[in-house]
Amino acid sequence: MTDYPAANAPLLDVTNLQHTFQTGAGRVFAVNGVSFRIDAGEAVGLVGESGSGKSTVAKCLVRLLEPSGGSMRFRGADITHMNERSFRPLRSQIQMVFQDPTMSLNPRLTVRQTLSEPLRLHKTATNGNLEARLHDLMGLVNLDRRLLGRQPHQLSGGQKQRVGIARAIATNPAFVVLDEPTASLDMSIRIQIISLLRRLQDELGMTYLFISHDLSTVRHLCNRVIVMYLGQVVEEGPVEEIFTNPKHPYTQALLSAVPIPDPARRGQRRRIVLPGETPHLTAPIVGCPLADRCPYVMPACRQGTIPFFDIEPGGHRAACLLYAEDRDAVAIDGSAESARVSRSEASGRTGSD
Amino acid sequence: MMQETLPQLNPTPGAGHSDANAAAEPLVRIEGLTIGFPDETGERFVPVVEDAGFVVHRNEILGLVGESGSGKTQTSMAILGLTRRPGKVMAGHVIVDGVDVVGLDEAGLRRVRGRKAAMIFQSPRTSLNPLMTVGDQVARVYVRQRGMNRRAARAEALAMLRRVGIAGAERVAGSYPHQLSGGMAQRVMIGMMVACGPDLLIADEPTTGLDVTIQAQIFELIQQVQAEARMSVLLITHDLGVVAETCHRVAVMQGGRVVEIAPVEELFARPRHPYTVRLLGAMLRPDRPSGDTQEPDPLPERLDIEVGGRRYEAVSVDAWAAAGVGLPMTIEVAPGHFVLCHEREDGADAAETER
């Protein structure tokens, strides 16, 4: 990997990221060779189900976990194994909003104390302008400044998450990792938080990595989507491409499982059901991670590493041999032929309006 | 806080989704249900469910939706007589297949639980006995509820595990709950409850914590066992997508009140209560591009309703105190479509109620 000149570098460049956990039951391969880039100003959704490794990727990025392999570059600088001292100046630039605001806010601190801490630590505010900066922050997240004196238990769930967001953006970060920030909130609150995040991005020019299993929210917040399954990226592309033209059989199954709140469309959708459940990984996967559950599996799917194939210009690509240019080389026994036919049927029915 | 007269939600025949049910007495009839918990002084009871009413027809899936604190779980627990102290049912009736559960003693409740109404919960793994194999737990249901001998019960348990779609039923029957995935554990719970042969299955957010692909499988299973056994299902959820794809009718709760009931297509197409309008407006549709999702405009807190020349208004429950409304009443605005309203006082400011 050559060094990017910092000016042209993507904001974040992740290459072949690996993370393994040692558990009582053996080694778990949580993240297995994940590569992606995020440019400044993007809102990227990282989606997948339990065991996909999406949260592990997020924790590696904010350095809550140490990667077992691969590299992560932020504005061209290698942060993969940077020690805490060298990383500290970057911490103000890379922030995280957590899933459960009740768990991630210190219950004994007032909102004022919670928000002052990052401002002081990263010297974003001086004593002279601290109060003004706090008021700015509260205004940005639509909280009444009178709430500054409250403790978390005196706030509603939505207010707490707004404080969580205010804390993350207090240091004017360039990059914010959002780990399921709306999962614990009621629906009417969820839409407010999503609109707030969109507005903050417009106003402050932040870049988001939004970790979520809630595909509706992803469609409304993100402009690009990365789909993970069993520790690997299986598909990525512009958000509308992924939702209307999903190509990887896993993405198709995932999208077809999302309930659509429209009784008029009931019975009109074909659900693509993958047999079985996501297995636990105790060995690195050879071939495609979905091979054991995929309706279109071919012998070649169980060999080597499945490369990405471009689906559309603009970055829509899928790691699936169904899209190999030279399909004859792949289709050893003709099963790819039938797979192509049923795939075109499948793509017709998973699309949406 | 309590009302003297309890207006009832009293769906007329025809409210059900099929003509066959319409004539029959509904399986469950809840009337004027009020459940309270003591306040800090312990002297007064604060209602968490107030004057709630709806019916569950035979052979239908009724969705009960609302946000946290709306009282939907408390209402469903009352059907099984499971209101936990210090909470108590302060008024109303919960009639399950002709038996009023309110005030029933433990022996009476045991005859209702399982046979007439059974419940699956949010966390199947904690609802199962951790010390007993899955097969033995399902078999025990057949021994206790159906009076079978152990051998027959075992065979039935295996058949049930297969029926709820468990691959390798023999192997799974010998495993313990902690060895199951969340989706498998919920399948086992559903199998156990269906084994009781209940007329009503209550499912309280049965897919919380499960992945979306597994959630889809569980709801398909619930629809399948409902249709096979022709039982009724009360599905408690906050997910309107699930409601749209699974339920026949929907009851919407807000602040302990049932504010609107309608067949599912009708509710989504023509919501009349401001809270339902707000809920539907807060949906993020997975099947539509985002466009310019802006912070939604504040929605109206009251909406006009006119039925048979009389004027009513539906008022968001959280605005009742400020609005100084009188006693609420349930109005049928279309066949099977009920809305909790207040009578318009003469001279009410019409501009206020504009959408």
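Numbered from 1 within each chain, the chains take letters A, B, ... in sequence-line order. Just so it is clear, the model here is predicted, and its values are computed rather than measured.
Residues A:Arg219 and B:Asp287 are not paired through a salt bridge, judged by the lack of any N-O separation under 4.0 Å between the basic side chain and the carboxylate. Taking the charged nitrogens against the carboxylate oxygens, B:Glu220 and A:Arg271 do have a contact shorter than 4.0 Å, which makes a salt bridge.
With rounding to the nearest 0.5 Å, the separation of CZ in B:Arg288 from CG in A:Asp262 is 6.5 Å. Once rounded to the nearest 0.5 Å, the distance linking CD1 of B:Ile214 with OG1 of A:Thr278 reads 6.5 Å. Considering OG1 of A:Thr182 and CG of B:Leu284, their distance stands at 8.0 Å, rounded to 0.5 Å. A distance of 13.5 Å separates CD1 of A:Ile260 from CG of B:Leu240, quoted to the nearest 0.5 Å. In this structure, NE2 on A:His213 lies 8.5 Å from CD on B:Gln215, to the nearest 0.5 angstrom.
A heavy-atom distance below 4.5 Å is not found between the side chains of B:Val243 and A:Pro261. Contact of the A:Pro259 side chain with the B:Asp239 side chain is registered, since non-hydrogen atoms from C-beta on lie closer than 4.5 Å. Using a 4.5 Å heavy-atom threshold, the side chains of B:Met184 and A:Glu277 count as touching.
With chain B as partner, the option from A:Gly51, A:Pro275, A:Ala257 having the largest number of non-hydrogen pairs under 4.5 angstrom is A:Ala257. Comparing A:Leu254, A:Ile189, A:Leu215 by how many heavy-atom pairs each has under 4.5 Å with chain B, the most go to A:Leu254. The greatest number of non-hydrogen atom pairs below 4.5 Å with chain B, out of A:Gly157, A:Cys222, A:Ala183, A:Ser216, is found for A:Ser216. Looking only at heavy-atom pairs under 4.5 Å with chain A, the residue among B:Ala269, B:Ala167, B:Cys247 that has the most is B:Cys247.
More than 12 heavy atoms of other shown residues, nucleotides or ligands fall within 6.0 angstrom of atom CD in A:Glu203.
Only the backbone of A:Leu274 has a heavy atom closer than 4.5 Å to any heavy atom of chain B. Only the side chain of A:Val273 comes within contact range of chain B, with at least one heavy atom under 4.5 Å from a heavy atom of that chain.
In terms of heavy atoms, B:Thr213 sits closest to A:Ala253 at CG2-O, 4.2 Å. Heavy-atom minimum distance, A:Arg266 versus B:Val264: NH1-CG1, 3.7 Å.
Among pairs with a residue in residues 61-75 of chain B, none fulfils salt bridge (Lys or Arg N to Asp or Glu O under 4.0 Å), at least two apart in sequence or across chains.
Proximity of a side-chain donor or acceptor of A:His220 to a complementary backbone N or O of B:Pro286 within less than 3.5 Å is not detected.
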